[in-house]
Amino acid sequence: MHLCKGTIIMWNLIVALVAVLLYVFTSDFFKQVNPVKYSSQLPEKFSGGLAANELLDQTERLHENNILWPESFAEYKGELYSGLGDGRVVRITDKEIVPITRTGENCEGIFEEHICGRPLGMTFSKAGRLFVVDAYLGLFSIDINTGKKVNILSSKTIVDELPLTLLNSLTFDEKEENLYITQSSSRWNISHVIVSIVEHDTSGRLLKFNLKTKKVSVVLKDLAFPNGVVLSHDGNALLVAEAMQNKVFKYHIEGPKKGLNEELPMLLPGEPDNLKRSKNGYWVTVATARTTENPTMLDIFSDKPFWRCLVLHLHRLTTLPISAILKLVPDKRAKEIGFELHTGRLIADYMLNYGLALEFDDKGKILRSFHSPSGKVSHLSEAFEHNGYLYLGSWRNKYLGRLKL
């Protein structure tokens with residue numbers, strides 16, 4: 001009898017192992033995942049303009065639990081606009097959140113993100129036309145008075161044999177009517193951002209879309225998760241945050257240096273996100289700040305692609321069945337947990353625990369920084385200067401941060 005039970009257990013294990021191996025060697029995910037070896041560059045310590053403090057902990061929390069993941073901001077006639085995790089584009093005041101439109105369609109919840117839409121970067125033209133990039137759907141032009149939206153560049157568009165997956169941020173060169181857009185990955189969509197980061201994916205691109213000709217072209221390629229992009233104060237260059245290289249570089253589009261790609265001489269203590277102009281330079285947030293003294297697991301395993309690959313597959317194998325079951329549960333929260341577990345965002349919540357926003361100038365000198373070593377204020381995506389305050393966007397927080405400057 002005991003032998004029979006042991007045999008059954010053994011066969012069950014064999015069947016399970018065969019099922020896992022079949023998945024591993026036949027799934028598209030297995031075929032696509034390709035971590036590469038790289039070197040994680042970090043400063044030795046927080047010093048100079050990066051000297052540690054707790055100033056970010058003084059952040060106010062506006063609309064707490066009534067706003068979801070306000071990623072990026074744009075300002076027009078003194079009013080503040082943002083795109084949210086539920087697909088809505090809104091106008092925000094101290095007292096209310098006013099819906100303008102939704103980039104996607106009505107949906108049940110964030111677990112249907114591809115239907116809701118996920119608006120990320122946004123910017124206004126001088127005439128008040130709002131341009132928004134949606135990670136799933138592409139580029140939109142929005143009339144903020146009527147809420148009318150036009151998808152002027154679909155994510156299904158093929159450019160140099162690749163679709164426009166995961167468009168992230170944008171800036172507008174009014175003089176030439178060019179929108180410059182970062183495409184963080186040509187291989188993964190936003191639900192696989194964690195995969196792209198752990199992989200050290202270098203399929204990102206910088207694109208140019210001309211509003212007059214409606215043509216889109218590739219400006220730069222082979223970038224490691226390009227994130228924020230902003231036009232320089234003199235209009236002659238673009239500043240681009242290359243997240244997985246922990247750097248910001250300047251690409252000249254006008255003047256004697258036209259076509260030159262110039263890395264700014266500042267070593268960031270983590271992955272830079274969105275870029276916005278300040279009065280004296282530019283603002284950038286960092287995903288989770290650290291130095292060589294306290295690296296993350298990703299830093300430690302940067303030169304060990306096999307182990308990062310193993311982690312990605314183990315995560316998928318363990319979360320896929322759980323999320324599939326939770327998806328069938330007639331409860332919205334259960335479906336959300338399943339989705340966030342499968343995308344890895346729940347894990348990231350516990351890994352990113354040092355908030356940082358900093359200001360730097362055109363030459364790459366860090367002017368000042370606001371820290372939250374405790375992680376009280378973290379998961380920041382953007383710092384936006386508006387009416388004497390620094391508004392803090394986030395890809396995870398359920399509030400709008402505001403810090404008095």
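Position 1 is the first residue of the sequence, and the numbers go up from there.
- The number of heavy-atom neighbours closer than 6.0 Å to NZ of K214, taken from other residues, nucleotides and ligands shown, is above 12.
- With hydrogens and angles left out, the side-chain atoms of H371 and Y354 include a donor and acceptor closer than 3.5 Å.
- The distance from atom CZ of F73 to atom CG of L80, rounded to the nearest 0.5 Å, is 6.0 Å.
- Across all non-hydrogen atoms, the minimal contact from S185 to D201 is OG-OD2, 2.6 Å.
- Between the T59 side chain and the G401 main chain, no donor and acceptor come within less than 3.5 Å of each other.
- Within 6.0 Å of NZ on K404 lie more than 12 heavy atoms contributed by other residues, nucleotides or ligands.
- Note on residues 163-186: pairs passing ring-ring contact (aromatic ring centres under 6.0 Å, His included), not counting sequence neighbours, are F131-F172.
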For a side chain to side chain contact (heavy atoms under 4.5 Å, CB included) check, start with the C-alpha distance between R91 and I144, then their side-chain angles and the critical distance, and finish with the verdict.
CA-CA 9 Å; R91 182 171 65 250; I144 58 172; 5.8 Å; no
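- Checking each of E385, K276, E359, H233 against Y282 for a side chain to side chain contact (heavy atoms under 4.5 Å, CB included) leaves exactly one that passes, namely H233.
- To the nearest 0.5 Å, the span separating CD on E340 from CZ on R396 amounts to 4.0 Å.
- To the nearest 0.5 Å, atom CD of residue E242 and atom OG of residue S184 are 10.5 Å apart.
- A search for salt bridge (charged side-chain N to carboxylate O under 4.0 Å, His left out) contacts involving D94 returns R402, not counting sequence neighbours.
- Partners of C107 by disulfide (SG to SG under 2.5 Å), not counting sequence neighbours, listed by chain and number: C116.
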